[in-house]
K.L.:
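This is the structure, below, for whatever I ask next.
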Amino acid sequence: MSKHSTEHDNHDGKKHAQSQDMKEKQAEAAEAGQAQEKQPADQGPKEQNETEQNEAPQGAETVRAELEAKITALEAELSELKDQYLRKAAEFENFRKRMQREKQDAIEFANQSLLLDLIPVIDDFERAIRSSEAARDYDALHEGISMIEKRLVSQLETKWGLVRYESAGEPFDPNKHEAIMMEQSESVQEPIVSEDLIKGYKLKDRIVRTAKVKVLMPASQGAEDGASDTSDTGTDKKDQ
């Protein structure tokens, strides 16, 4: 082999070695770059988790503070409403007692005005009695009592609506009259009140006391009643 061939082969070997070294360096550089690219990617989630972990306690504390504030406000509102309820309950109880007391007073003193109007009438009677004891004058006593009676009746009628009604000459009405005495008469065709024995009274439009009266009965009705009584008597005798 010649010297020229030997030199050529050595040159090619060096060139190949240099090429191989370049490839190895490029491979190492690529691996280093990939390692550098991977490193931030590996560190990113860790840093994010640490940030989230730091932010999570702060958010929980904020929510807790808000809830505690709401609870405090609700407790204050509940306390205020409770106080209002207790005050209203006490006011209602006082109102109920006052109304009950006023009702009882109204029942006990309902006739106070009427009694005050009757007191002067009693005074008039006392004066009439003293006057009759001193003078022994029947006519004066009679006149005084008549005046007192008229005054009392007028006052009860005009101020209190108590009206005394007359019944003599009216048809007998069991709603207004109570028959105490009866007398047959051929001059009447229906039961007629002939006399007021005790007068009746109305309070406004209501009968508060029926009049006790004497009643005239038709003669024919009296005869029928008598025949009926006789028939019943005969029946009773036959039964005996």
Side-chain angles (χ1 to χ4, degrees), residues 100 102-240:
Q100 186 175 4
E102 291 178 357
K103 181 180 179 181
Q104 187 64 28
D105 291 342
I107 293 173
E108 293 179 355
F109 299 97
N111 298 324
Q112 179 176 348
S113 298
L114 174 60
L115 297 175
L116 289 175
D117 289 338
L118 294 178
I119 290 175
V121 179
I122 297 174
D123 295 337
D124 291 340
F125 276 118
E126 290 179 349
R127 283 192 291 268
I129 292 171
R130 286 197 300 268
S131 177
S132 64
E133 290 177 349
R136 299 292 179 177
D137 188 347
Y138 172 78
D139 293 334
L141 177 61
H142 181 271
E143 184 179 357
I145 293 176
S146 297
M147 292 177 61
I148 295 172
E149 188 262 349
K150 290 178 181 178
R151 176 185 174 185
L152 176 60
V153 171
S154 176
Q155 188 173 13
L156 292 176
E157 181 176 351
T158 56
K159 189 171 182 178
W160 298 96
L162 183 66
V163 179
R164 181 170 62 184
Y165 60 88
E166 301 288 340
S167 301
E170 293 185 356
F172 177 77
D173 184 354
N175 295 319
K176 296 172 58 178
H177 308 131
E178 181 181 353
I180 302 299
M181 297 177 61
M182 292 185 183
E183 183 179 346
Q184 294 183 5
S185 175
E186 295 180 356
S187 61
V188 297
Q189 301 297 322
E190 61 178 351
I192 299 294
V193 176
S194 63
E195 184 181 354
D196 275 314
L197 301 177
I198 299 178
K199 295 185 181 297
Y201 286 87
K202 293 190 298 182
L203 182 59
K204 301 186 184 301
D205 294 331
R206 179 183 297 178
I207 303 294
V208 293
R209 192 183 78 176
T210 57
K212 295 176 172 55
V213 297
K214 178 180 179 181
V215 182
L216 293 179
M217 303 294 293
S220 59
Q221 184 174 350
E224 290 176 359
D225 292 341
S228 177
D229 293 341
T230 304
S231 174
D232 293 341
T233 304
T235 302
D236 293 339
K237 288 182 178 178
K238 289 180 181 179
D239 293 338
Q240 290 178 355

K.L.:
Calculate, to the nearest 0.5 Å, the distance between atoms CD1 and NZ belonging to Ile207 and Lys202 respectively.
P.N.:
5.5 Å
K.L.:
For residues Leu197 and Ile180, report the shortest heavy-atom separation together with the two atoms involved.
P.N.:
CD1-CB, 3.8 Å
K.L.:
Using 0.5 Å steps for rounding, measure from the CE atom of Met182 to the CG atom of Leu216.
P.N.:
11.0 Å
K.L.:
Within a radius of less than 6.0 Å around CD of Glu186, do more than 12 heavy atoms belonging to other residues, nucleotides or ligands occur?
P.N.:
no
K.L.:
Please report the interatomic distance CG(Leu118) to OG(Ser113), rounded to the nearest 0.5 Å.
P.N.:
11.0 Å
K.L.:
Quick one: which of Glu178, Glu166, Glu149 gives a salt bridge (charged side-chain N to carboxylate O under 4.0 Å, His left out) with Lys199?
P.N.:
Glu166
K.L.:
Could you check whether any side-chain N or O of Ser194 sits under 3.5 Å from a backbone N or O of Lys214, counting only pairs where one atom can act as donor and the other as acceptor?
P.N.:
yes
K.L.:
If you count heavy atoms of other groups shown closer than 6.0 angstrom to CD of Gln100, is the number above 12?
P.N.:
no
K.L.:
Locate the shortest heavy-atom distance separating Ala211 from Ser167; write the atom from each residue and the value.
P.N.:
CB-OG, 3.7 Å
K.L.:
Should Tyr201 and Leu156 count as side-chain neighbours, where that means a heavy-atom distance under 4.5 Å?
P.N.:
no
K.L.:
Any idea which heavy atoms bring Ala179 and Val215 closest together, and the distance?
P.N.:
CB-CG2, 3.8 Å
K.L.:
First locate atom CG of Leu114, then atom CD of Gln155, and finally report the distance between them rounded to the nearest 0.5 Å.
P.N.:
9.0 Å
K.L.:
Go through the steps for Val193 and Asp173 under the test side chain to side chain contact (heavy atoms under 4.5 Å, CB included), then give the verdict.
P.N.:
CA-CA 9 Å; Val193 176; Asp173 184 354; over 6 Å; no
K.L.:
What's the shortest heavy-atom distance between Leu141 and Ser132, and which atoms?
P.N.:
CD1-CB, 3.7 Å
K.L.:
Nearest 0.5 Å please: distance from the CE atom of Met147 over to the CG atom of Asp124.
P.N.:
8.5 Å
K.L.:
Compare all side-chain heavy atoms of His177 with those of Glu170 and state whether any distance is below 4.5 angstrom.
P.N.:
yes
K.L.:
Any side-chain heavy-atom pair from Pro218 and Gln189 closer than 4.5 angstrom?
P.N.:
no
K.L.:
Is it the case that the side chain of Ser154 and the backbone of Arg151 share a donor-acceptor pair, with hydrogens and angles ignored and the cut-off at 3.5 Å?
P.N.:
no
K.L.:
Within this structure, what is the CH2-NZ distance for the pair Trp160 and Lys204, rounded to the nearest 0.5 Å?
P.N.:
10.0 Å
K.L.:
Look only at the side chain of Ser146 and the backbone of His142, and say whether a donor-acceptor pair between them is shorter than 3.5 Å.
P.N.:
yes
